[in-house]
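The model shown is predicted, which means the values in this text are computed figures rather than measured ones.
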Amino acid sequence: MSLLVVGLSHRSAPVSVLERAALNADAQIKLLQDTVAAEPAAEAAVLATCNRIELYADVDKFHAGVAELSTLLAQHSGVGLEELTPYLYVHYEDRAVHHLFSVACGLDSMVVGEGQILGQIKDSLAKAQDLHTAGRLLNDLFQQALRVGKRAHSETGIDRAGQSLVTFGLEQLASGGEVADWARGKQALVIGAGSMSSLAAATLVRAGVGEVVIANRTAERASRLVEILNEGASSDSAGGDVVARSVPMDAVPGELTRADVVVSCTGATGLVLTGDAVSGAVRGRVPDVGVGRGDVARPGAGGVPSAPTRAAQAARLPAGSVDDDSCPLDLNTPGFSVLGEAAVAGMAASELEQHAAWVDNAPRPQNAASVVDEAEAIAALAAAAASVGRIPERRKPEPVAEAQRPAPVLFLLDLAMPRDIDAAVHRIAGVRLVDIESLAEASADAPMAADVDQVRRIVADEVAAFGAALRAAHITPTVVALRTMAADVVAGEMARLEGRLPGLDEKHRGEITQTVKRVVDKLLHAPTVRVKQLAAEPGGAGYADALRTLFDLDPETVAAVSRAEDSNTNEKDRGSA
């Protein structure tokens with residue numbers, strides 16, 4: 001059996017794909033159960049976070065395992081296999097071990113060095129143990145990954161490079177300034193009461209916000225978090241008079257109108273905050289913010305310079321010409337460009353075709369070349385949408401010139417996957433939204449600490465040690481079976497001797513038995529020690545086969561030893577998880 005991992009992350013896939021492929025708790029359970037029920041896999045574990053979805057398995061066939069795991073990921077994520085495949089990565093045996101150890105150390109995180117991944121790996125192992133899908137291999141692998149991650153954080157300064165996604169997100173909201181200076185006195189609303197939301201609430205309290213309001217579907221969890229925050233605030237003089245309180249989810253719209261900062265991280269499958277809800281919350285707090293399509297910054301409003309629109313040009317056309325209202329896209333948005341693709345991401349082919357028709361019938365300015373180019377671009381996008389069912393999104397859309405926007409009065413941090421806050425909120429005047437997608441772009445340019453190289457060396461050493469131990473462990477059942485066979489031979493010969501020499505007294509019988517055992521042990525000692533050493537080297541698995549063949553060992557005896565060891569290991573690991 002061999003270790004295989006198939007997955008996708010922020011490094012291999014755009015956030016929009018990760019968002020659609022996100023697995024809820026029930027889907028993770030079903031995926032684990034279906035994986036171990038599949039023919040190539042004997043063990044399985046799922047590591048699902050806000051920026052990665054990975055399926056680990058112990059498989060007996062590489063190609064069949066890759067095909068089966070990829071199919072299962074697509075099936076349970078709801079993203080078609082053909083669409084998902086280009087974003088998947090595959091790691092096998094030592095490369096799979098190296099990948100998980102790197103993940104545990106924070107080297108593969110969106111924010112390099114962040115430590116939250118250790119808790120997520122622990123939860124992943126606990127879930128696999130509860131469902132009995134983790135056997136000896138995955139138990140040993142994930143336990144060792146946790147130890148390697150802790151070693152990296154304790155022996156290096158990777159923590160200086162790494163920070164939690166919460167901290168990084170708040171720094172982005174503060175536009176690079178000090179979070180404490182930016183947050184002091186603000187009213188905060190945290191939606192959700194899980195680990196990420198709890199960390200966000202605690203971070204905001206330490207930063208000196210005036211009040212934190214916790215909204216969660218489960219009132220008990222929200223109340224417990226509030227108790228913890230209030231206890232911490234009362235015992236920490238730096239916390240001042242910070243007060244936390246909880247509200248039900250249906251109170252969020254009202255709290256949103258009073259909030260300055262909102263952090264959302266829930267397990268909801270749909271949007272928690274829509275564009276209309278956010279627009280309504282800032283209406284009246286930003287000059288010249290209207291309703292409907294006026295919720296976004298438009299030319300001539302909020303300090304945005306006026307610009308000629310196609311609608312204005314269409315007004316000068318003869319009757320019967322197509323006007324701006326017939327186009328499904330908001331062409332009045334400053335800097336709108338079809339060539340950027342961001343504005344049309346996810347739009348249905350029919351709407352794109354409608355826009356293409358609008359472009360064909362639209363009035364031509366003096367320089368008609370730009371309209372022709374745009375018509376060709378939108379036609380190509382419509383054709384792509386018709387063939388694959390969606391708009392192909394670029395990781396970094398073409399930059400467009402942004403008009404001046406009013407200063408934000410509402411700051412939103414969306415840490416959920418799939419997203420909690422409508423992406424259209426990016427366009428609302430007076431609102432600053434930081435989500436997983438913008439965090440991914442910002443972290444791509446973040447400097448890495450010098451300690452990263454030291455962590456990489458730790459990972460390389462640990463991978464080599466784990467591989468050697470794993471290969472050596474494969475020979476152990478064979479060695480045990482060999483010694484068991486030798487003990488049976490000794491017992492058989494002693495029984496035969498007693499039959500031939502019935503008058504042999506107890507003292508002499510004991511001496512003869514010990515002598516025969518010492519002879520057998522000495523004969524087996526050197527070969528078994530050497531075969532363990534050889535088995536720890538790359539390609540050493542063949543020595544176990546050679547040993548079984550040379551001594552004609554019963555395969556079922558070897559398998560029985562392996563099953564007994566796996567059972568003991570699983571019981572021990574479940575007790576320590």
Side-chain angles (χ1 to χ4, degrees), residues 10-11 15 49-52 105-120 153 157-192 194-212 229 232 236 238-240 242 259-265 273 278 395-396 402 405 407-417 419-421 423 425-426 428 430-452:
H10 65 286
R11 296 187 183 277
V15 173
T49 71
C50 60
N51 52 23
R52 76 178 61 251
C105 293
L107 293 179
D108 198 58
S109 295
M110 188 178 294
V111 180
V112 174
E114 62 93 8
Q116 283 179 287
I117 187 65
L118 286 174
Q120 294 162 332
H153 284 280
I158 191 69
D159 289 328
R160 292 196 296 268
Q163 53 190 329
S164 73
L165 251 137
V166 169
T167 305
F168 189 58
L170 292 176
E171 286 184 355
Q172 296 302 304
L173 285 181
S175 300
E178 289 293 331
V179 172
D181 295 337
W182 164 80
R184 188 172 294 113
K186 283 184 167 60
Q187 178 90 1
L189 170 63
V190 176
I191 305 176
S195 58
M196 193 81 78
S197 299
S198 300
L199 178 60
T203 303
L204 288 168
V205 168
R206 287 195 299 270
V209 294
E211 183 184 45
V212 175
L229 294 173
D236 185 359
V242 171
D260 303 304
V261 184
V262 178
V263 179
S264 187
C265 186
L273 294 180
V278 174
R395 294 299 302 276
K396 289 188 175 181
E402 292 188 2
R405 294 168 61 93
V409 296
L410 180 59
F411 297 85
L412 305 173
L413 177 59
D414 185 359
L415 298 174
M417 184 64 67
R419 72 179 75 232
D420 279 347
I421 303 175
V425 168
H426 279 294
I428 299 178
V431 177
R432 176 166 171 74
L433 169 62
V434 171
D435 52 21
I436 293 294
E437 192 162 17
S438 53
L439 285 175
E441 293 179 358
S443 66
D445 301 323
M448 298 173 66
D451 300 273
V452 167

Task: Identified side-chain contact (heavy atoms from CB on, under 4.5 Å) partner of L433 from the options L410, I428, V425 - done: V425

Could you pull out the closest heavy-atom pair between [X] and [Y], with the gap in Å?
| X | Y | result |
| --- | --- | --- |
| A259 | L189 | CB-CB, 4.0 Å |
| A416 | I436 | O-CG1, 3.9 Å |
| L413 | L173 | CB-CD1, 3.9 Å |
| V166 | A200 | CG1-CA, 3.5 Å |
| C50 | M196 | SG-CE, 4.4 Å |
| C265 | S197 | O-OG, 3.1 Å |

Checking the side chain of [X] only, and the main-chain atoms of [Y] only, is there a donor and an acceptor separated by less than 3.5 Å?
| X | Y | result |
| --- | --- | --- |
| D420 | D414 | no |
| E114 | Q116 | yes |
| R432 | Q172 | yes |

Do [X] and [Y] have side chains that approach each other closer than 4.5 Å (heavy atoms only, starting at C-beta)?
| X | Y | value |
| --- | --- | --- |
| M417 | V15 | yes |
| V261 | V209 | no |
| L273 | I191 | yes |
| L170 | T167 | no |

Could you tell me the separation between the [atom1] atom of [X] and the [atom2] atom of [Y], rounded to the nearest 0.5 Å?
| X | Y | atom1 | atom2 | value |
| --- | --- | --- | --- | --- |
| L204 | L199 | CG | CG | 9.5 Å |
| Q120 | R52 | CD | CZ | 9.0 Å |
| L415 | L165 | CG | CG | 6.0 Å |
| I117 | T49 | CD1 | OG1 | 5.0 Å |

- [ ] Run the numbers on L439 and H10 for side chain to side chain contact (heavy atoms under 4.5 Å, CB included), then give the verdict.
- [x] CA-CA 10 Å; L439 285 175; H10 65 286; over 6 Å; no

Task: Verdict with reasoning, V278 to V431, per side chain to side chain contact (heavy atoms under 4.5 Å, CB included) - done: CA-CA 8 Å; V278 174; V431 177; 3.9 Å; yes

